[in-house]
There are 2 protein chains.
Amino acid sequence: MDRIDTCLIALRRILRAAETYGKELAQSAGMTPVQLRVVQIVAETGSSTAGAIARRMHVAPATITAIIDKLERAGHVSREQSRTDRRQTHIVLTERGRNALDRAPDALQQKFATDFEGLEDWEQAMIVAVLERVASMLDRTETQRGAVLYPGEL
Amino acid sequence: MDRIDTCLIALRRILRAAETYGKELAQSAGMTPVQLRVVQIVAETGSSTAGAIARRMHVAPATITAIIDKLERAGHVSREQSRTDRRQTHIVLTERGRNALDRAPDALQQKFATDFEGLEDWEQAMIVAVLERVASMLDRTETQRGAVLYPGEL
DNA sequence: TGTGTTATTTAGCATTACGAACTAAATGAG
DNA sequence: CTCATTTAGTTCGTAATGCTAAATAACACA
């Protein structure tokens, strides 16, 4: 078997695993993967505007509106009008949202972290180097093409 | 920065790159990523039944029916009733479908393959080893849990 | 023959996502 | 200060993907 094929197959396995974990994860948090992703962003940033979330997720504002609607109805987040610019809406995490987040540790992350810690030091170092290498091989284009860099993207 | 964090960030970059490429790819083929995935499977296997595609994609049969409907309407594939078992429907690629496929080289694959070939031999070997390692760290559970292995899955 | 199993489709629903059109608020030119 | 423009978010209509449950058709075997 070709080395490239082996790599691509491994990459697909990784992608599929991520998807699977995403679903599990969402189930234990009581929301869908996308909704959870939004909640994670809000939690991470303290409070984001709708537009900032949309840009960060590379998604149209209308899409975020719909997702926030559902999260708000479920009581996970709430909308707060900005005082400095009343066009803006700040999305903030509610108590309930924070609880859901605590109940939903990222399964992929956990699994990987556990296994990773059991490895030899040199093995860890090798994995770090390779993953970074592969990531930059794959996503380099995006920044090279001059795509807009969004606030909080890094 | 923590090694684990570095890995996870790299993994997310890889996931996002894959998504981006998937969209590009599908666009040049004139169909959605999922539809293209079905067409690829059909092309690869010569002719699959609807059920086989569903199992391979880990998706409910009803979902495949809907996708095949669209692909058939667009003239990319056609349905043919099996002669040996008339409950089965064989999905076959049309001329038009094959053309679309030719027009859509897998962007991720291309990009990766190009870069990969430019690397030193030892570097290639290391990448192969690490990706396989990470893949098995992440997707091991699935087989361990005794999930059904689907025909053509390997 | 009849009963049970298997393959696919139909129907109805939820989620994600988009673009276009709209409202409200801020900003800038004159 | 006023009017035009831009920006932020929402609403509306549409499409794709995915599910479950129920229907339909064909096979299989006792």
Side-chain angles (χ1 to χ4, degrees), chain A residues 16 19-20 22-27 29-39 41-42 47-74 76-92 148 150-151, chain B residues 16 19-20 22-27 29-39 41-42 47-74 76-92 148 150-151:
Chain A
R16 234 183 57 193
E19 208 174 295
T20 304
K23 278 179 194 161
E24 267 177 39
L25 156 65
Q27 206 163 23
M31 52 184 107
T32 69
V34 178
Q35 288 169 9
L36 183 66
R37 182 83 191 96
V38 170
V39 170
I41 288 173
V42 172
S47 122
S48 283
T49 63
I53 297 173
R55 284 189 297 274
R56 174 131 176 210
M57 289 180 68
H58 294 270
V59 138
T63 304
I64 292 300
T65 296
I67 294 168
I68 300 292
D69 282 349
K70 273 172 203 128
L71 285 172
E72 196 176 29
R73 229 175 294 139
H76 290 123
V77 303
S78 67
R79 286 180 161 99
E80 275 182 22
Q81 207 178 41
S82 166
R83 257 166 258 179
T84 57
D85 182 342
R86 284 183 308 177
R87 289 170 306 178
Q88 293 186 329
T89 316
H90 291 292
I91 312 301
V92 299
V148 188
Y150 298 109
Chain B
R16 230 184 61 192
E19 208 174 295
T20 304
K23 278 179 193 161
E24 267 178 39
L25 157 67
Q27 204 164 24
M31 54 185 108
T32 69
V34 178
Q35 288 169 7
L36 183 65
R37 181 84 190 94
V38 170
V39 170
I41 288 173
V42 171
S47 122
S48 282
T49 63
I53 297 173
R55 284 189 297 273
R56 177 134 175 206
M57 290 180 67
H58 294 270
V59 138
T63 304
I64 293 299
T65 296
I67 295 169
I68 300 293
D69 283 350
K70 274 169 204 133
L71 286 173
E72 197 177 26
R73 229 176 295 138
H76 290 124
V77 303
S78 67
R79 285 177 161 102
E80 276 183 20
Q81 207 178 40
S82 166
R83 260 166 252 181
T84 57
D85 181 343
R86 283 183 309 177
R87 289 169 307 178
Q88 294 185 330
T89 315
H90 291 292
I91 312 301
V92 299
V148 189
Y150 299 109

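The structure presented is a predicted model; accordingly, all values stated were derived computationally and were not measured. All heavy atoms count here, side chains included; hydrogens, waters and symmetry mates do not. A, B, ... follow the sequence lines: proteins, then strands. Residue 1 opens every chain.
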For B:His90 versus B:Ser47, what's the shortest heavy-atom pair and its separation? ND1-OG, 3.5 Å
If the test is side chain to side chain contact (heavy atoms under 4.5 Å, CB included), which one of A:Val77, A:Ile91, A:Ile68, A:Val59 qualifies with A:Val38? A:Ile68
Separation of A:Thr89 OG1 from A:Ile64 CD1 (nearest 0.5 Å): 12.5 Å
Rounded to the nearest 0.5 angstrom, the CZ-OG1 distance for A:Arg37 and A:Thr32 is 12.5 Å
Between B:Val34 and B:Met57, what is the shortest heavy-atom contact and its length? CG1-CE, 4.0 Å
With a 4.0 Å limit, can you tell me whether A:Gln35 has a side-chain N or O closer than that to the phosphate oxygens OP1/OP2 of C:dT16? yes
First and last nt of DNA chain D near chain B, cut-off under 4.0 Å to heavy atoms, 5' to 3', are D:dA16 to D:dC27
Can you tell me how far OG1 of A:Thr63 sits from CD1 of A:Ile53, rounded to the nearest 0.5 angstrom? 12.5 Å
Does the protein touch nucleotides 5-12 of chain C at the base, only the backbone, or not at all? Give it as B, S and - per nucleotide, heavy atoms under 4.0 Å. -BSSBB--
For the atom pair OG1 (B:Thr49) and CZ (B:Arg79), what is the distance rounded to the nearest 0.5 Å? 12.0 Å
Of all heavy-atom pairs between A:Gly30 and A:His76, which one has the smallest distance, and what is that distance? O-CE1, 4.5 Å
